[in-house]
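What's counted below: heavy atoms across the whole structure, side chains too, no hydrogens, waters or symmetry copies. Proteins come first, then strands; the chains are lettered A, B, ... in the order of their sequence lines, and each starts at number 1.
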There are 2 protein chains.
Amino acid sequence: MNLRDLRYLLAVAEHEHFGRAARACGVSQPTLSVQIRKLEDVLGVVLFERGGKVAAPTAACRQLLDHARAAVTAAEGVLATARSLRDPLAGRFRLGVIPTLAPYLLPLVFGPLREALPSLELEPWEDQTAALLERLRAHELDAVLLATDETAPDLMGVPLFAEPFLAALPPEHPLAAREAVAETDLARDILVLSDGHCLRDQALEACGQTTALGAALRASSLTTLLNMVAAGYGTTLIPGLAAGAAQDAGIVLRPLTTWTGRTIRIVWRAHYPQRPAAEAVGEVIARRLRGYTESTAATAA
Amino acid sequence: MNLRDLRYLLAVAEHEHFGRAARACGVSQPTLSVQIRKLEDVLGVVLFERGGKVAAPTAACRQLLDHARAAVTAAEGVLATARSLRDPLAGRFRLGVIPTLAPYLLPLVFGPLREALPSLELEPWEDQTAALLERLRAHELDAVLLATDETAPDLMGVPLFAEPFLAALPPEHPLAAREAVAETDLARDILVLSDGHCLRDQALEACGQTTALGAALRASSLTTLLNMVAAGYGTTLIPGLAAGAAQDAGIVLRPLTTWTGRTIRIVWRAHYPQRPAAEAVGEVIARRLRGYTESTAATAA
DNA sequence: GGGTCTCGATAGGTGACGCCTATCGATATC
DNA sequence: GATATCGATAGGCGTCACCTATCGAGACCC
C-alpha cells in the first residue's frame, strides 16, 4: 500500500466517479481503475460499488476514509514542514560561548546577528571549553566560540577576531602609574580564575608561570575576579572586551608592552550539515569586531 | 515521497545507524542510503549527520518525525481497519422490510440471524415497497425484504418463503362458521390498507376487484386493520405470519378454499459487492421459515 | 603505525510496477 | 437501434527500488 493509492482512494470516494477522479489526480482512467483494484486486493475489501450511475463507496470504504485522509494529511505535513526548514540559515542555532567572552561579546553581536540572519533563532549556551566541546560532540550544540587553538579531526572552525589582554590593576597599585605594563611585572601578585577557564591558563602562560596566588583566591567568574582586583587583592589580565566592565568596577587598565591576547574561533563538527549557518554566524561576528580589534591593537602599539 | 521513505526515515532516526535500520526494515544498507539520500533531495533538507559514530538526526529531521510517524500510523490504521472489515459477513447490514411483514417476521429471525451471522450487525428499516427500493438504490440499504414480484435490471434477489393469506373475520361474521372461506365471498365487506402497501393491492386482486370499502376506512397499518375487523367493521385478508396478532385481537381466522398468498423475496442491487452477506441473511430466514410454510400449507389444504 | 574492522556511499544489473494508449463490454440515453 | 458514457482489460514502455560487489574514510588495536 502506498500514499498514492490512498490519494486515489480519496479522489474516487470524493468524486464517486473514476474518470473525474482520474482527471483530478492527473492520471488516466485505466491507471486509476487498476490501482484501486490492486488496493482492493491488498486490503481484501471491496471499496467501490461500480456499475450504477456512480462509483459508490462501500460501507467498508467509508470506514477507511478517515485513516486514509489522516495519512495523506500527515504526509503533506512532512512536505510542508520540510519546505519551511529548507533554508539552512533558518531555525534554532545553539551557540556555546565560554564564560569570559559571553557577557561582553553577546551584547555586541546580538543585534547584527538578528539583522543579518533574521530567521536564525540564536540560543546561547554558556559553559567552559571542555563542557562546550562535549556538548558540541553530543550534537547538543551547533557551534561553539572558543579562545583556545587546539584542533581535532572531528571538528573544524575559523578564527573570528583577536582579543588583546589588558593589565587590570587596583588604582593604588604601583604599576598603575605606567603607560604600559610588562606581563612579567604582573606575575608577582596576579589573580586568576578557577580551574577549567581557558583564560586562567592563558594568563598564567603570559606571565611565564604555572601557579598563581593561593587557590583560595581563584575566582569562579570574571566578575568576581574584577571585584577582587578592585578591592586591592592583586592584579590580573583581562580580555579586551571586558574592559568596560572592569572600568565600571573601578579598575585601572593598562596595555601590555608587547601585544598579547587570544584568538576567538567559531568551531563546529566536521560533519555538521548546516555549515553555512555556522559560517554565516561567524562572519557576522567577525565583521562586527573587525574595527574593534584594529583600534585596540593601535592603542596597545 | 512515499510511505516507505517515511518508514525508512523513522527507522534510521530510531537506530541512528543505517545498517541496523536497514536490517530492521528488511532491506540492504545501500538501499536505505540511497532512499534516504533521495528523500533528502526531495525535502531539500539534510536529515542525518553522517560520519560520526552514529547517524544523528538533524534538528530539521526531528521536526519531521512527528508528521512521519502520524502518516505511517494512519496508514497502518487503514490496513488494520481493512483487516477487520475483510469478512463480508461482518459489519453493519441495513435490511429494509415492508410494514406488513416486519413486526411478525423479525422476532422470528432475529435469534437465528444473530446465531448464524454473529459479526453481522443487522439494522432493520421499516417502510413501504417503493420507499425501500428508493433507499436501496441510493445505497442507504443493503437489501430489502419484499412481497412483490417485479424485477428490475439493476436489482436481483431470491425468493425466501411463501406466506399464505388468511381470511380475517369478526367472530360474529356469517363466514366465521365455515371451515374455509372463498376469496370472492370476502369481496363484499373487505377492508384494506391505505395506498402504498403492497398487501392492499394483493388483497384486492385476490378478491377480484380494484376498489374496496370507502377510503375513510383504509387503515394505515395492519394493527389498525385488525382492530377494525375485530370491531366488526368488515373482513380482510391478512398474511399468515400475522395470525398470532390477529387471534390476540379476537379475530377469527379461516384458510382460503384455494391457496392464495405472497412470496417474500430478499432483493439487493445487482452490483452490490457484499452479495454473500445478503444471500446468507436470506438463507437463514428461508431456513427458519421452511417448516412454517409447509405447516400452513397443510392447514389450508 | 600498518593491518583490521565498521560504516556509509557508489556502481552496475535486474525485476517489478505504475503509467500510457487503444480497445472492449455493459449500461444508460435519445 | 444508434450513440454516449463508464469502468475493465490488453499490451508496451520507462522508471525506480532493490540487490550484490566494492570503495573510501575513519576508528581501533596489537
Please list all pairs passing the side-chain hydrogen bond (donor to acceptor under 3.5 Å, both in side chains) test where one or both residues lie in residues 64-77 of chain B, with sequence neighbours left out.
->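 Passing the test, one end in residues 64-77 of chain B: T81(A)-H67(B).
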With the threshold set at 4.0 Å, does a side-chain nitrogen-carboxylate oxygen contact exist between [X] and [Y]?
| X | Y | answer |
| --- | --- | --- |
| R135(A) | D127(A) | no |
| E123(B) | R92(B) | yes |
| D195(B) | R200(B) | yes |

Can you figure out which of [options] approaches the side chain of [X] most closely?
| X | options | answer |
| --- | --- | --- |
| P30(B) | dG8(C), dG7(D), dT10(C) | dT10(C) |
| S28(A) | dA9(C), dC16(D), dC20(C) | dC20(C) |
| K38(A) | dG8(C), dG7(D), dG18(C) | dG18(C) |

dA9(C) phosphate, OP1 or OP2, under 4.0 Å from R50(B) side-chain N/O |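 Yes.
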Comparing G26(B) and D154(A) on DNA chain D - which has the more 5′ nearest nucleotide =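 Counting from the 5' end, the first nearest nucleotide belongs to G26(B).
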Between V34(A) and Q29(B), just flag the one whose closest nucleotide in DNA chain C comes earlier from the 5' side.
->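 Result: Q29(B).
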Mind listing the residues from residues 16-23 of chain A sitting with a heavy atom below 4.0 Å of DNA chain D? Number order is fine.
->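 When residues 16-23 of chain A is checked for heavy atoms under 4.0 Å from DNA chain D, the hits, listed by number, are H17(A), F18(A), G19(A).
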More than 12 heavy atoms of other groups within 6.0 Å of R37(A) CZ |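 No, CZ of R37(A) has 12 or fewer neighbouring heavy atoms, counting only those of other groups under 6.0 Å.
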Is it the case that more than 12 heavy atoms not belonging to E140(A) sit under 6.0 Å from its CD atom?
->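 Yes, the 6.0 Å shell around CD holds more than 12 heavy atoms from other groups.
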How would you label the contact of R4(B) with the nucleic acid (heavy atoms, under 4.0 Å): base, sugar-phosphate, or nothing?
->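 It contacts sugar-phosphate atoms only.
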Could you tell me whether F48(B) contacts a base, only the sugar-phosphate backbone, or nothing, with contacts defined as non-hydrogen atoms closer than 4.0 Å?
->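 F48(B): no heavy atom of the nucleic acid under 4.0 Å.
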Figure out the CG/P separation between D5(B) and dC18(D), and round it to whole Å.
->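 One finds 8 Å between P of dC18(D) and CG of D5(B), rounded.
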